[in-house]
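Just so you know, ligand 1 is whichever comes first in the structure, and atom 1 is the first atom listed for that ligand. Numbers here simply count residues along the sequence, with the first being 1.
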Amino acid sequence: MSKLVIVAIGGNSLVRDNGRDSVQDQYEAVQETAVNIADMVQEGYNVVVTHGNGPQVGFGMRRSEIANEIAGMPDIPLVNCVADTQGGIGYQIQQALTNEFTKRGINKKVATVITQVEVDINDPNFQNPTKPVGSFFTLEQAEEMKKEHPEWIFVEDSGRGFRRVVPSPKPIDIVEKEAIKSLVNAGYVVIAVGGGGIPVIKTRDNSYLGVDAVIDKDFATSLLAEQVNAETLIITTGVPRVYINFGKPNQLALEKITVEEAKQYVLENHFPPGSMLPKIEASLSFLENGGKRVVITNPESLKDAINEKQGTHIVEQLNEACCM
Ligand SMILES: Nc1ncnc2c1ncn2[C@@H]1O[C@H](COP(=O)(O)OP(=O)(O)O)[C@@H](O)[C@H]1O
Ligand SMILES: NC(=O)OP(=O)(O)O
């Protein structure tokens, strides 16, 4: 299928910076992103949408813990928190896109696929939690919480504060890939691998079993992009472009870089794990496995990014023809 673009929406980009983090705030952020995706559809692109859940799955985990501490309610396992966010955010994106298409008279159907993603139980990432989830805390708040919950692990997240981390194994297969492909080929705008997918392992008797982890949605998106033969991967996040020396006085925005340049910047540690590094690694994997182009930008810049007026573009060679 020509002009197939996969758009990954960052979980943090759906959280408003107003301290409320309400469901309604999130829906308004989703609606704004839906307008930008509808612009792309109107320009003739076939679109697959994926999304993160880092903040939301952490909120869900915390709600479960508090309900358990205060009211003795049974804990919700992390894998179910992931499934809940996949359904909840998928519902919002599906509704916002459907409404936007109806408003504009675009004849496109939207479907969200509850997606399980297989991981390896021997993946070393299970022993070394790296995926930041939930709210941001000050160092003092994090130290205070650690006194009560010594098992919690916090990391500093890109100058934005401290967050709890959970295991994040690498995705190895998308269980529902054939269903996703069928819907894409039937002309649907498909929402899939939400929150990186619901992590499952295959047991000896070939059954699937959920495991407690949060898969990085950038890696899951890159795997899905390869499996549906997408030409272009667009990762939307909280910044319009990727920077070197991010957050420092000599910070520099990257407009268009090659795979080789991106690899060099990785070696020079310009991209922190748990935030920008997985986006770059997922981009490189996509480009090295048949993808043509990657764009990293914020949701509001999607339209400009398609026309190379905004965003960081990663390509195999710098002389790649402009635009998608
Ligand atoms: N080199 C960099 N260039 C741009 N942003 C960076 C860089 N390093 C860290 N960041 C931070 O990483 C964030 C993206 O990671 P994150 O918020 O975890 O992603 P997501 O949008 O998928 O939830 C950006 O919004 C920015 O704050
Ligand atoms: N699962 C995941 O990677 O979520 P974020 O993109 O929100 O971090």
Need the ligand 2 atom indices (1-based, order shown) with element for anything under 4.0 Å from a heavy-atom of V214. 1 (N)
What about N53: any of its N or O atoms under 3.5 Å from an N or O on ligand 2? yes
Pair Q264, E260 - check side-chain hydrogen bond (donor to acceptor under 3.5 Å, both in side chains), show working. CA-CA 6 Å; Q264 184 57 33; E260 288 315 311; over 6 Å; no
Flag side-chain contact, heavy atom, 4.5 Å: K131 against D216: yes
Begin with the C-alpha distance, continue with both residues' side-chain angles, and end with the deciding distance and a verdict on side-chain hydrogen bond (donor to acceptor under 3.5 Å, both in side chains) for T297 and Q310. CA-CA 7 Å; T297 192; Q310 188 49 284; 4.9 Å; no
For atom 5 (P) of ligand 2, the protein heavy atom that lies nearest, with its residue and separation: G54 N, 3.6 Å
Any N/O of P55 closer than 3.5 Å to an N/O of ligand 2? no
Within the distance-only criterion (no hydrogens, no angle test), does the side chain of T138 pair as donor or acceptor with the backbone N or O of Q141 below 3.5 angstrom? yes
Return the residue, atom name and 0.1 Å-rounded distance of the protein heavy atom closest to atom 6 (O) of ligand 2. K217 NZ, 3.0 Å
Looking only at atom types and distance, does a side-chain atom of T236 sit under 3.5 Å from a main-chain N or O of P299, one as donor and one as acceptor? no
Is K131 touching ligand 2 with its side chain, its backbone, both, or neither, if touching means heavy atoms under 4.0 Å apart? side chain
Quick check against the 3.5 Å criterion: does N298 have a side-chain atom that pairs as donor or acceptor with the backbone of G238? no
What does the 4.0 Å heavy-atom contact list look like for ligand 1? G10, G11, N12, S158, R160, K217, T237, G238, V239, R241, V242, Y243, F246, H270, F271, P272, G274, S275, M276, K279
Return the orientation label for the H149 and W152 ring planes: parallel under 30°, perpendicular over 60°, tilted otherwise. parallel
Has the side chain of K177 got a donor or acceptor atom that lies under 3.5 Å from a matching backbone atom of L224? no
Would G10 count as being in polar contact with ligand 2, using the rule that some N or O on each side must be under 3.5 angstrom apart? no
Could you check whether any heavy atom of I215 sits closer than 4.0 Å to an atom of ligand 2, since that is the contact criterion I want to use? yes
To the nearest 0.5 Å, tell me how far R293 CZ sits from E231 CD. 9.5 Å
Do K3 and Y45 meet the cation-pi criteria used here (NZ or CZ under 6.0 Å from the six-membered ring centre, within 45° of the axis)? yes
